[in-house]
Amino acid sequence: MSQRTFSIIKPDAVKKGHAGAILAEIEKAGFKIVSIKKVSISKAQAEGFYYVHSERPFFGELTEFMSSGPIFPMVLEKENAIADLRKLMGATDPAKAEEGTIRKQFAASIGENAIHGSDAEETAAFEIGYFFAGYELK
Ligand code: GDP
């Protein structure tokens with residue numbers, strides 16, 4: 001059954017001009033792009049998005065980074081989308097990411113790691129709703 005997930009092309013990848021190449025990888029892997037936009041978010045908006053990480057030592061760095069430049073939030077659809085996107089992204093730390101993954105190819109560090117992808121159905125639902133209104137998801 002077809003499933004939706006949420007992803008963000010992060011500020012580092014947008015700044016380096018890798019957004020198009022990352023989208024090509026995503027489409028090549030069989031995902032349909034349901035919705036996509038280019039936005040810049042405030043630190044407070046990044047804090048709301050990443051509230052589950054608020055107790056982590058890197059929370060300040062993460063939210064500073066995510067509000068440092070334009071990002072491409074998007075909703076993707078395919079069978080097994082959540083797990084398959086996580087596999088395509090690769091490990092959080094690009095040094096540990098498998099060959100051919102997006103983070104292996106485009107990420108510079110564990111913090112500036114090119115792409116976000118939801119880790120479960122409930123988080124995908126929250127994250128889609130955080131960035132997109134119903135009329136944008138047809
Ligand atoms: P993900 O699901 O692979 O994105 O990883 P996590 O959910 O564990 O962490 C969320 C995001 O926080 C990561 O994608 C990184 O951008 C950031 N992050 C995780 N660990 C670190 C860290 O040790 N230092 C910094 N600066 N950022 C981190």
Side-chain angles (χ1 to χ4, degrees):
M1 220 184 64
S2 172
Q3 184 183 55
R4 284 182 177 188
T5 191
F6 175 78
S7 182
I8 300 177
I9 301 176
K10 293 186 177 183
D12 57 320
V14 176
K15 232 168 263 167
K16 291 178 192 160
H18 290 152
I22 291 172
L23 278 178
E25 294 280 335
I26 287 169
E27 287 194 308
K28 210 166 24 165
F31 291 87
K32 178 184 152 206
I33 300 169
V34 176
S35 203
I36 183 165
K37 56 189 170 187
K38 187 181 188 189
V39 295
S40 295
I41 58 172
S42 66
K43 186 139 192 293
Q45 286 171 317
E47 287 166 358
F49 180 74
Y50 278 116
Y51 77 97
V52 291
H53 293 310
S54 60
E55 300 304 318
R56 304 272 203 105
F58 56 81
F59 187 62
E61 232 170 84
L62 171 61
T63 53
E64 197 67 54
F65 164 59
M66 289 302 287
S67 57
S68 68
I71 57 174
F72 286 84
M74 59 192 155
V75 179
L76 304 173
E77 189 171 275
K78 85 187 274 296
E79 236 175 73
N80 208 26
I82 294 171
D84 284 1
L85 181 66
R86 301 279 302 178
K87 209 186 290 169
L88 181 64
M89 284 162 49
T92 310
D93 180 354
K96 296 180 184 147
E98 276 182 49
E99 240 10 272
T101 60
I102 289 172
R103 283 170 167 165
K104 181 73 179 185
Q105 294 179 75
F106 302 107
S109 67
I110 191 166
E112 309 209 349
N113 60 4
I115 186 165
H116 167 85
S118 307
D119 61 3
E121 276 194 34
E122 310 77 62
T123 36
F126 165 76
E127 293 175 354
I128 290 169
Y130 199 81
F131 278 97
F132 292 94
Y135 75 90
E136 296 174 297
L137 298 169
K138 290 279 161 69

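In what follows, every heavy atom counts, from backbone to side chain, and hydrogens, waters and symmetry copies are set aside. Read the numbers this way: they start at 1 and go in the same order the structure lists the ligands and their atoms.
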Shortest non-hydrogen contact from F106 to K16?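 So the two residues come closest at O-NZ, 4.0 Å.
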Identified ring pair (Phe, Tyr, Trp, His ring centres under 6.0 Å) counterpart of F6 within the set F126, F49, F72, F31:
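By the ring pair (Phe, Tyr, Trp, His ring centres under 6.0 Å) criterion, F6 pairs with just one of F126, F49, F72, F31: F49.
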Quick one: nearest non-hydrogen protein atom to [atom], plus distance?
atom: atom 27 (N) of ligand 1; value: G111 CA, 3.5 Å
atom: atom 24 (N) of ligand 1; value: F58 CB, 3.6 Å
atom: atom 15 (C) of ligand 1; value: I110 O, 3.2 Å
atom: atom 3 (O) of ligand 1; value: T92 OG1, 2.6 Å
atom: atom 13 (C) of ligand 1; value: N113 ND2, 3.6 Å

When you measure from the heavy atoms of [X] to every atom of ligand 1, does any distance fall below 4.0 Å?
X: R86; value: yes
X: R103; value: yes
X: H53; value: yes

Under 3.5 Å, side chain of [X] to main-chain N/O of [Y], donor-acceptor pair present?
X: E112; Y: S109; answer: no
X: R103; Y: N113; answer: yes
X: S35; Y: L137; answer: no

Heavy-atom distances under 4.0 Å decide this one: backbone, side chain, both or neither, for [X] against ligand 1?
X: D119; answer: neither
X: E112; answer: neither
X: M66; answer: neither

Do you know which of M89, H18, K10 makes side chain to side chain contact (heavy atoms under 4.5 Å, CB included) with I115?
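Per the side chain to side chain contact (heavy atoms under 4.5 Å, CB included) rule, the option paired with I115 is M89, out of M89, H18, K10.
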Assess the residue pair K78 and D84 against the criterion (salt bridge (charged side-chain N to carboxylate O under 4.0 Å, His left out)); give the C-alpha distance rounded to whole Å, side-chain angles, the decisive distance to 0.1 Å, and a yes or no. CA-CA 9 Å; K78 85 187 274 296; D84 284 1; 2.5 Å; yes
Can you confirm if the NZ or CZ of K37 lies within 45° of the ring axis of F132 and under 6.0 Å from the centre of its six-membered ring?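 The answer is yes; both the distance and angle limits are met.
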Worksheet item: Under 3.5 Å between some N or O of ligand 1 and some N or O of E61?
Response: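 Yes; the residue has a nitrogen or oxygen that sits under 3.5 Å from a nitrogen or oxygen of the ligand.
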